[in-house]
Amino acid sequence: MRAGRFHGFVVRRGDAVFGYVDQCPHMGLPLAQKLDDYVAGTMIACSWHGAIFDIASGKCRGGPCPGTALTAWPVTIRDGTIVTA
């Protein structure tokens with residue numbers, strides 16, 4: 001098995017957490033150009049080409065990648081800490 005780095009991010013909304021791989025389905029780039037700059041208002045936003053994604057589902061809601069979604073990263077809250085599910 002090869003070890004490697006995994007780039008993902010988590011958005012917390014109240015008691016719910018949503019994790020995604022940090023890769024836009026449009027061009028494969030990381031979503032944020034600035035560290036931890038993933039959410040714009042009520043959506044996840046790709047700062048490169050303006051795609052926006054639903055926080056809870058990861059589905060594209062606008063921009064250059066209709067019909068796609070972010071790749072989910074399963075996370076949960078255990079004893080007050082966010083962990084990989």
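By convention here, the first residue in the shown sequence is residue 1. All values reported here derive from a predicted model rather than from experimental measurement. Any value given below was found using the heavy atoms of this structure, including those in side chains, with hydrogens, waters and symmetry copies removed.
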Please tabulate, for the side chains in residues 9-18, all donor-acceptor contacts under 3.5 angstrom to protein atoms that are two or more places apart in sequence or on a different chain.
residue	atom	partner	partner atom	Å
R12	NE	G14	O	3.2

Interatomic spacing from SG in C24 to CD1 in I44 - rounded to 0.5 Å: 11.0 Å

CH2/W48: more than 12 non-hydrogen atoms of other groups inside 6.0 Å: no

Only distances under 3.5 Å count here; give the side-chain donor-acceptor pairs of residues 52-62 to other protein atoms, sequence neighbours excluded, each with its distance to 0.1 Å.
residue	atom	partner	partner atom	Å
D54	OD2	A56	N	3.1
D54	OD2	S57	N	2.8
D54	OD2	S57	OG	3.0
S57	OG	K59	N	3.2

Any residue meeting side-chain contact (heavy atoms from CB on, under 4.5 Å) with P64, in chain and number order, not counting sequence neighbours: H26, H49, A51

Under 3.5 Å, which donor-acceptor pairs do the side chains of residues 29-43 form with other protein atoms, sequence neighbours left out?
residue	atom	partner	partner atom	Å
Q33	NE2	S47	O	2.8
Y38	OH	D22	OD2	2.8

Counterpart residues, side-chain contact (heavy atoms from CB on, under 4.5 Å), relative to V83 (two or more places apart): T76, R78, T81

